[in-house]
Amino acid sequence: MILNGVEIRDSFAEAFPMVGTRLIITADTPRWAMTAAKTMTGFATSVIGCGCEAGVERVVPAEETPDGRPGVAVLIFAMDIKGLKAVVPLRIGQCVLTSPTSACFAGMTGGDTVSIGKALRYFGDGWQIAKNVDGRRIWRIPVMEGEFVCDHESGTVSGVGGGNILILATSRGEALAAAEAAVDAMEKVEGCILPFPGGVVRSGSKVGSKYKGMFASTNNFYCPTLRAQTPTQLPPEVASVMEIVIDGVSPEAVSACTRAGIEAVVALGRAKGVVAIDAGNYGGNLGPFHFKLREIMA
Amino acid sequence: MTGVILTARGDFEARVDLTGVLPGADGGLAKRAIPYGGRVVELGELFDVSGSGAERLTIEGGDARLDGVGAGLSEGEIVVRGDVGARLGHKMSGGMISVKGSAGAYAASEMSGGKIAIGGDAGERLGAAADGSRRGMSGGVVILGGSAGARSAERLRGGVVVIEGDAGEGAASDLIAGTVAVGGRLAGGAGRGMKRGTLFLRSPEGLSGGFRDAGEHDLVLLRVLVRRSAELAAFLGPDITRAHRFAGDLYAGGKGEALVVAPSGRM
């Protein structure tokens with residue numbers, strides 16, 4: 001499949017089940033809502049090294065937030081509910097509770113639950129106050145700045161982690177420009193996050209390593225400087241590859257996000273140095289979700 | 001669907017206990033035995049029973065001697081076009097009761113869910129614990145258009161009580177948790193023994209001596225409450241952000257609070 005001179009390879013992204021939750025973080029100003037959101041989703045690029053994958057889903061207008069202040073929706077995913085239950089209160093406690101003027105609310109219902117105020121209330125040292133309204137419990141935790149308000153807990157969803165596309169381009173600059181265009185489009189798809197820095201991974205990995213104890217190592221098949229030394233997936237004109245990893249609340253969301261990204265890259269086309277779109281997988285035997293690029297773009 | 005309609009056949013000579021006369025009762029409602037003064041009579045002797053349907057029960061032309069209206073209600077709607085007596089919605093767990101007139105003592109006592117709207121006044125111990133009980137209302141919403149008698153929301157455990165008029169002596173005394181809003185004046189001794197929970201007031205006058213001024217604050221809580229509770233939004237105003245906080249009753253642990261807000265919701 002060739003679209004605007006860009007080859008859509010007959011490949012697929014192999015993704016895995018994850019458990020996720022959505023939180024709505026608010027603050028007095030958009031700046032501080034985003035600060036809290038970015039902080040609490042920091043160091044959450046890969047579940048292997050960070051314990052979770054997290055990112056900003058979208059900016060939430062004040063009219064839509066539980067307290068009428070500017071908000072940001074974040075998604076956090078872990079490999080299982082136990083892992084999610086561990087990381088969510090920790091991240092809220094260290095990154096949102098501490099952030100000036102912030103409040104934190106459940107962004108979804110249903111499924112198993114993860115603690116927000118249920119765990120953080122103890123910071124109040126006995127001065128915390130619970131309030132039940134409309135069948136929901138909220139907590140007020142006195143802090144030096146005033147009060148930290150949060151929901152008791154949030155629901156969870158069975159999501160998908162590890163959707164991805166690889167952008168093969170003729171130079172590093174062109175690969176980055178294409179990746180940025182893709183990220184801009186993909187960030188508009190609700191229900192998804194791109195957990196890596198700025199949404200982009202420049203160091204895609206393969207499973208395993210020659211070194212004992214390393215779970216993952218550089219994906220030499222896509223490293224342009226290694227094409228003379230290892231088998232390669234890169235045609236001669238490709239000098240740089242960028243990857244975009246997608247986690248979503250459903251396969252449909254990941255699929256829509258994948259398509260949005262590919263469309264944005266294809267719009268740049270071969271004229272802007274994009275040679276091909278590929279995807280990372282493990283042969284199809286590890287992950288139950290297969291996002292076939294050509295089917296998505298059909 | 002109009003539901004079942006009860007219309008009094010004449011004036012009552014004694015108190016009538018309508019406990020258990022609820023929406024969804026079978027077609028034999030007219031034959032249902034109810035206490036009437038010192039004896040037991042069939043409902044049909046006192047009321048003309050008309051209409052059908054399980055969703056709603058309407059009592060046309062209420063009376064202050066109609067006790068136990070909606071007591072134990074768990075679903076459906078009761079509409080009273082007049083007054084009711086004692087124990088309106090006692091131990092109610094769901095559904096809706098609307099009283100156009102006034103209610104007697106112990107309305108919403110030990111209620112755990114649903115909603116009661118009373119257009120007029122209420123007698124003593126609105127939403128409170130019944131005699132011999134340790135805990136009052138634990139959930140649901142009560143809206144009182146008029147004034148409440150003494151010891152409204154006494155030992156309240158949860159839920160929301162909005163009193164648009166005045167509250168009698170000892171409102172919210174021994175309150176355990178929950179939210180009470182009083183739009184009018186407090187008669188005195190309000191919040192005495194209050195352990196936790198929130199009182200929304202227009203003025204601190206009438207609070208018991210165990211409350212201390214904690215200053216005026218911008219509280220995010222207020223913004224959340226008015227977005228999750230239509231009743232509190234109506235009382236506080238949709239744009240409220242600030243309240244003057246009084247902590248108390250400090251003689252009973254002091255984890256409760258009275259939040260004084262201006263009528264417009266702005267201070």
Side-chain angles (χ1 to χ4, degrees), chain A residues 23-29 32-33 36 60-71 92 96-97 99-107 109 116-117 120-122 124-152 154, chain B residues 93-94 112-115 137-141 156-162 176-181 194-200 214-233 235-243 245 247 253-259 265:
Chain A
L23 301 170
I24 309 295
I25 297 168
T26 64
D28 278 355
T29 63
W32 283 106
V60 185
E63 311 85 74
E64 297 178 25
T65 63
D67 62 7
R69 299 188 299 162
I92 299 172
V96 184
L97 166 68
S99 185
T101 78
S102 71
C104 186
F105 301 97
T109 57
I116 307 177
L120 299 179
R121 58 178 154 164
Y122 298 108
D125 199 25
W127 301 105
Q128 67 272 23
I129 299 172
K131 189 138 288 286
N132 284 300
V133 176
D134 197 26
R136 300 173 71 178
R137 173 180 282 188
I138 54 175
W139 286 97
R140 301 157 60 191
I141 301 172
V143 291
M144 295 194 307
E145 165 245 87
E147 283 185 343
F148 173 63
V149 174
C150 61
D151 273 327
H152 184 62
S154 182
Chain B
S93 61
S112 61
K115 181 175 178 178
M137 176 176 159
S138 60
V141 176
L156 188 89
R157 177 67 183 83
V160 175
V161 177
V162 177
I176 302 163
T179 304
V180 180
M194 185 169 158
K195 297 173 180 64
R196 290 182 180 272
T198 303
L199 286 179
F200 284 110
E216 186 187 322
H217 301 280
D218 180 335
L219 297 173
V220 172
L221 166 80
L222 301 172
R223 302 170 191 254
V224 180
L225 289 183
V226 299
R227 285 166 177 80
R228 291 191 177 174
S229 166
E231 294 79 16
L232 288 176
F235 183 88
L236 297 169
D239 301 321
I240 187 167
T241 58
R242 303 183 71 82
R245 186 172 195 265
K255 301 279 180 75
E257 64 184 349
L259 298 177

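It should be emphasised that the depicted structure is a prediction, and the values quoted were computed from it without experimental measurement. First the proteins, then the strands, lettered A, B, ... as listed; each starts at 1.
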> B/Leu219 versus chain A, heavy atoms under 4.5 Å apart: side chain, backbone, both or neither?
Replying inline: side chain
>> Given heavy-atom pairs under 4.5 angstrom as the criterion, report whether the side chain, backbone, both or neither of B/Arg228 touches chain A.
In response: both
>> Restricting to non-hydrogen atoms, name the atom on A/Arg69 and the atom on B/Arg223 that form the minimum distance, rounded to 0.1 Å.
In response: CG-NH1, 3.7 Å
> Which region of A/Phe105, side chain (C-beta onward) or backbone (N, CA, C, O), has a non-hydrogen atom less than 4.5 Å from a non-hydrogen atom of chain B, or is it both or neither?
Replying inline: side chain
> For A/Thr26, is it the side chain, the backbone, both, or neither that has a heavy atom closer than 4.5 Å to a heavy atom of chain B?
Replying inline: neither
>> Report which part of A/Glu145 has an atom under 4.5 Å of a heavy atom belonging to chain B: side chain, backbone, both, or neither.
In response: neither
> Looking only at atom types and distance, does a side-chain atom of B/Lys255 sit under 3.5 Å from a main-chain N or O of A/Gly126, one as donor and one as acceptor?
Replying inline: yes
>> Does any backbone or side-chain atom of B/Glu257 lie under 4.5 Å from a heavy atom of chain A? Answer side chain, backbone, both or neither.
In response: side chain
> When rounded to the nearest 0.5 angstrom, what distance separates CZ in A/Arg140 from OG1 in B/Thr198?
Replying inline: 5.5 Å
>> Please report the interatomic distance NZ(A/Lys131) to OG(B/Ser229), rounded to the nearest 0.5 Å.
In response: 10.5 Å
>> Just verifying a value: how many Å separate B/Leu225 CG and A/Ile138 CD1, rounded to the nearest 0.5 Å?
In response: 5.0 Å
> Which pair of non-hydrogen atoms, one from B/Leu221 and one from A/Val149, has the smallest distance, and what is that distance?
Replying inline: N-CG2, 3.9 Å
